[in-house]
Amino acid sequence: VITYQWRGGFTSAEANALHAQAFGTRVYADSEWDWASLTRQHSLGWVVARDGDDLAGFANVLWDGLVHAWLQDVMVAESGRHKGIGTELVRHARDGAKAAGCEYLHVDFEDHLSRFYYDACGFAPARAGLLTLD
Ligand SMILES: CC(C)(COP(=O)(O)OP(=O)(O)OC[C@H]1O[C@@H](n2cnc3c(N)ncnc32)[C@H](O)[C@@H]1OP(=O)(O)O)[C@@H](O)C(=O)NCCC(=O)NCCS
């Protein structure tokens with residue numbers, strides 16, 4: 001059984017391991033990317049999915065302090081994909097943002113994830129922009 005918790009407990013090491021698996025990066029050290037303390041200080045919330053003791057999924061929810069919230073780093077462990085965990089993570093993120101009084105939840109993503117965000121999670125298409133800071 002997968003459990004979901006808004007602002008649930010997790011360690012930076014768990015998040016760094018999942019991030020490396022989800023996005024093909026190296027595994028950052030806690031001193032380089034301290035997810036646990038950064039999310040506590042800056043995020044509206046986050047969603048932790050667990051399969052027993054294992055981190056099965058994670059989503060970070062950023063915000064402007066009142067109206068807009070943004071999904072970032074939605075990630076599901078490879079072994080648990082296509083079982084609805086990603087959709088549930090996003091649903092809990094939506095509920096958390098709504099409960100905080102936000103009016104909009106934003107996300108941006110690459111084309112191949114359209115079915116996930118539009119069809120499974122219910123997002124409507126919206127224009128977005130991106131500057132690469134190189
Ligand atoms: C994207 C991701 C979070 C989806 O998690 P998931 O738990 O597998 O998603 P769900 O099981 O809820 O998927 C529901 C539906 O969305 C669609 N979908 C899910 N992942 C998809 C993918 N990678 N490509 C295309 N469609 C996808 C499918 O239609 C899927 O239904 P199906 O399993 O019957 O085919 C997961 O693949 C992941 O962690 N990917 C790597 C990190 C990433 O790209 N995150 C998003 C950053 S914007």
Side-chain angles (χ1 to χ4, degrees):
V1 179
I2 310 290
T3 58
Y4 299 86
Q5 199 176 5
W6 175 248
R7 299 182 71 95
F10 70 100
T11 65
S12 296
E14 286 180 310
N16 277 313
L18 185 58
H19 183 274
Q21 196 186 78
F23 297 105
T25 62
R26 71 184 171 84
V27 182
Y28 292 93
D30 293 9
S31 55
E32 295 174 285
W33 200 347
D34 188 355
W35 291 77
S37 107
L38 288 167
T39 49
R40 266 199 310 277
Q41 286 177 54
H42 301 292
S43 294
L44 168 61
W46 56 91
V47 184
V48 171
R50 288 202 178 273
D51 183 357
D53 289 340
D54 296 338
L55 187 64
F58 181 88
N60 195 3
V61 183
L62 320 179
W63 72 325
D64 66 356
L66 193 67
V67 179
H68 297 272
W70 285 264
L71 269 175
Q72 190 66 42
D73 292 314
V74 178
M75 26 194 204
V76 171
E78 252 158 17
S79 57
R81 295 206 185 145
H82 294 285
K83 294 177 184 167
I85 297 174
T87 306
E88 276 299 294
L89 279 173
V90 172
R91 194 173 67 77
H92 281 77
R94 174 189 180 278
D95 290 351
K98 196 171 173 190
C102 290
E103 292 175 36
Y104 301 99
L105 181 62
H106 303 249
V107 69
D108 60 71
F109 54 85
E110 293 175 2
D111 272 347
H112 73 279
L113 289 175
S114 295
R115 281 186 55 212
F116 176 65
Y117 284 110
Y118 293 153
D119 301 340
C121 298
F123 281 82
R127 293 221 179 164
L130 184 68
L131 279 180
T132 303
L133 306 179
D134 51 12

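All values below were derived from every heavy atom in this structure, side-chain atoms included, with hydrogens, water molecules and symmetry-related copies excluded. Numbering of ligands and ligand atoms starts at 1, following listing order.
At least one heavy atom of Asp108 sits closer than 4.0 Å to an atom of ligand 1.
Near Arg115, meaning under 4.0 Å from any of its heavy atoms, are these atoms of ligand 1: 29 (O). Each of the following atoms of ligand 1 lies closer than 4.0 Å to a heavy atom of Met75: 39 (O). Within ligand 1, the atoms closer than 4.0 Å to a non-hydrogen atom of Ala120 are 14 (C), 15 (C), 16 (O), numbered from 1 in the order shown.
Counting heavy atoms only, Leu113 comes closest to atom 44 (O) of ligand 1 of the residues Leu18, Leu113, Val74.
Nearest protein heavy-atom contact of atom 13 (O) of ligand 1 is Phe116 CD1, 3.8 Å. With respect to atom 8 (O) of ligand 1, the closest heavy atom belonging to the protein is His82 N, 2.8 Å.
Taking a cutoff of 4.0 Å between a charged side-chain nitrogen and a carboxylate oxygen, Glu32 and Arg26 qualify as a salt bridge. Between Arg50 and Asp54 there is no salt bridge, since no side-chain nitrogen of the basic residue lies less than 4.0 Å from a carboxylate oxygen of the acidic one.
Contact annotation for atom 22 (C) of ligand 1: protein present (non-hydrogen atoms, distance under 4.0 Å). Contact annotation for atom 40 (N) of ligand 1: protein present (non-hydrogen atoms, distance under 4.0 Å).
For Val76, a nitrogen or oxygen atom sits less than 3.5 Å from a nitrogen or oxygen atom of ligand 1, counting backbone and side chain alike. At a 3.5 angstrom cut-off on N or O pairs, Phe23 does not count as close to ligand 1. Between Gly86 and ligand 1, at least one pair of N/O atoms sits closer than 3.5 Å. The distance criterion of under 3.5 Å between nitrogen or oxygen atoms is met by Gly84 with respect to ligand 1.
Of the possible polar contacts, one joining the His92 side chain to the Glu88 backbone as a donor-acceptor pair under 3.5 Å is found. Of the possible donor and acceptor atoms, one in the side chain of Trp46 sits under 3.5 Å from a partner among the backbone N and O of Gly8. No donor-acceptor pair under 3.5 Å is formed between the side chain of Asp34 and the backbone N or O of Ser12.
With contacts defined as side-chain heavy-atom distances shorter than 4.5 Å, the pair Tyr118/Pro125 qualifies. With a 4.5 Å cut-off on side-chain heavy atoms, Thr11 and Trp35 do not count as touching.
Proximity of Tyr117 to ligand 1, defined as any heavy-atom pair under 4.0 Å, is confined to the side chain (atoms from C-beta onward). Under 4.0 Å from ligand 1, the heavy atoms of Lys83 that appear belong solely to its backbone.
Using cut-offs of 30° and 60° for the angle between ring planes, the His106 and His68 rings count as tilted. The aromatic rings of Phe23 and His19 sit tilted, their planes meeting at an angle between 30° and 60°.
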